[in-house]
Q: 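Below are the structure tokens for one structure; questions will follow.
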Amino acid sequence: MLVSAKEMLEKAVAGHYAVAQFNINNLEWTKMILLECEELKTPVILGVSQGAAKYMTGYKTVVAMVNEMVDSLGITVPVALHLDHGTYEAAKECIEAGFSSIMFDGSSLPIEENIEKTKELVAICNEKGISLEAEVGGIGGEEDGVVSTGECADPQECKQINDLGVTMLACGIGNIHGKYPANWAGLQLNVLENIKAVTGDTPLVLHGGSGIPDDQIQKAISMGVAKVNVNTELQIKFAEAVRKYIEEGKDLEGKGFDPRKLLAPGCQAIRDEVKDRVNVFGSANKA
Ligand code: 13P
């Protein structure tokens, strides 16, 4: 059964570790992440962007697939199914479709509108036992065509959104989605400190988790980050492994073209990377 992310994140705040949000793109991603997290005995959040949901033919398909897989694979660790960077409309659709966690990203709206819509969604999610993530301050890079400026969040705006009773809060601290440029300045930990000072025990979310040096991630976790989002890193590792298989001509040997064989190295690479990230975030054996 899918669970809200609230309890796992409260435990993470208290235990000074972070739960990973791994974004899913298809059946293989979902299966490999679930199997590895079960093995590591870690809670996990499966992130689904609007674009990924569309690719998988819709929110209901995703809910059905994840629910059935949790059951058929005998997964016992807590699993939350989370809309990633949803619009107000998408948030409502996912609540209806059976997601157990929602991110409403109102960061590109005027703060008054972000507050108004977040407030409404807090009430709906509370009533249904669904966790809600809100965002303040755009997170740079491009995700599904949504480009934000990457500014650091204003701590006072973070406080305003936090006080609405959101389960978790994403705030820009110099992090960006996708690959980091060679001249990236690093996480702005002083901004994180100022945000933490006014948001109490609310779990903070670090987006753009791919490519940030591990020591910076761990420092951010020690300062109140309790959820780290990872998408690009798994995609890169998957692609590298499948490319190697094809470059070695293995798809031409026997039935090497069978997708179950062709994608197997990529699937293993996903599992290896999940293990590596979970160990860095500190959530193994916390299920
Ligand atoms: P990356 O693709 O940079 O890992 O970011 C993932 C993310 O933040 C999803 O919201």
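A quick note: this is a predicted structure, and the numbers were derived from the prediction, not measured. We count ligands from 1, going down the list as the structure has it; atoms in each ligand are counted the same way.
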Q: Is the shortest N/O to N/O distance between Q21 and ligand 1 below 3.5 Å?
A: no
Q: Find all atoms of ligand 1 within a distance of less than 4.0 Å from any non-hydrogen atom belonging to D84, and give their numbers and elements.
A: 9 (C), 10 (O)
Q: Taking all heavy atoms of V13 and all of A226, pick out the closest pair and write down the distance.
A: CG2-CB, 3.7 Å
Q: Within the 4.0 Å heavy-atom shell around H207, which atoms of ligand 1 are there?
A: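 Here the atoms of ligand 1 in question are 8 (O), 10 (O).
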Q: Show which atoms of ligand 1 fall inside a sub-4.0 Å distance from at least one heavy-atom site of N229.
A: 4 (O), 6 (C), 7 (C), 8 (O), 9 (C), 10 (O)
Q: At less than 4.0 angstrom from any non-hydrogen atom of G209, what atoms of ligand 1 do you find?
A: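 By the 4.0 Å cutoff, the relevant atoms are 4 (O).
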Q: Would you say the side chain of N285 lies within less than 4.5 Å of the side chain of T42, judging by non-hydrogen atoms?
A: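 They are not in contact (no side-chain heavy atoms under 4.5 Å apart), so the answer is no.
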Q: G178 heavy atoms, cut-off 4.0 Å: which ligand 1 atoms fall inside?
A: 1 (P), 2 (O), 3 (O)
Q: Can you name the side-chain contact (heavy atoms from CB on, under 4.5 Å) partners of E233, sequence neighbours left out?
A: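 Counting only residues at least two positions away or on another chain, E233 forms a side-chain contact (heavy atoms from CB on, under 4.5 Å) with S210, V230, E273, R277.
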Q: For ligand 1, is any non-hydrogen atom under 4.0 Å from V230's backbone (N, CA, C, O), its side chain (CB onward), both, or neither?
A: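 Near ligand 1, V230 shows its backbone, while the atoms from C-beta on stay back.
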Q: Taking A5's backbone N and O only, do any of them form a donor-acceptor pair with S131's side chain (distance below 3.5 Å, no angle check)?
A: yes
Q: Enumerate the atoms of ligand 1 whose separation from the nearest heavy atom of H177 is less than 4.0 angstrom.
A: 3 (O), 5 (O), 6 (C), 7 (C), 8 (O), 10 (O)
Q: According to the interplanar angle, ranging from 0 to 90°, do the rings of F238 and W29 count as parallel (below 30°), tilted (30 to 60°) or perpendicular (above 60°)?
A: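 The rings of F238 and W29 sit tilted, inter-plane angle from 30° to 60°.
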Q: Do M56 and I102 land in one hydrophobic cluster if side-chain heavy atoms of ILVMFWY residues count as linked below 4.5 Å?
A: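 As far as the 4.5 Å side-chain criterion goes, I102 and M56 are connected within one cluster.
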Q: Which atoms of ligand 1 are found less than 4.0 Å from any heavy atom of H85?
A: 10 (O)
Q: Below 3.5 angstrom, do we get any N/O pair linking N23 and ligand 1?
A: no
Q: Can you check salt bridge (charged side-chain N to carboxylate O under 4.0 Å, His left out) on D163 and K159, steps first, answer last?
A: CA-CA 6 Å; D163 289 352; K159 180 172 166 36; 2.9 Å; yes
Q: Within less than 4.0 angstrom of ligand 1, does G47 place any heavy atom?
A: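 So G47 does not count as touching ligand 1.
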Q: Side chain, backbone, both or neither: which part of E233 has a heavy atom under 4.0 Å from ligand 1?
A: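 None of E233 does.
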Q: Considering the heavy atoms of T232, write down every atom of ligand 1 situated less than 4.0 Å from one of them.
A: 1 (P), 2 (O), 3 (O), 4 (O)
Q: Begin with the C-alpha distance, continue with both residues' side-chain angles, and end with the deciding distance and a verdict on side chain to side chain donor-acceptor pair (under 3.5 Å) for E133 and H82.
A: CA-CA 9 Å; E133 175 176 344; H82 181 77; 3.0 Å; yes
Q: Look at atom CD of E7 and say whether more than 12 heavy atoms of other residues, nucleotides or ligands are closer to it than 6.0 Å.
A: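 Open: at most 12 neighbouring heavy atoms sit under 6.0 Å from CD of E7.
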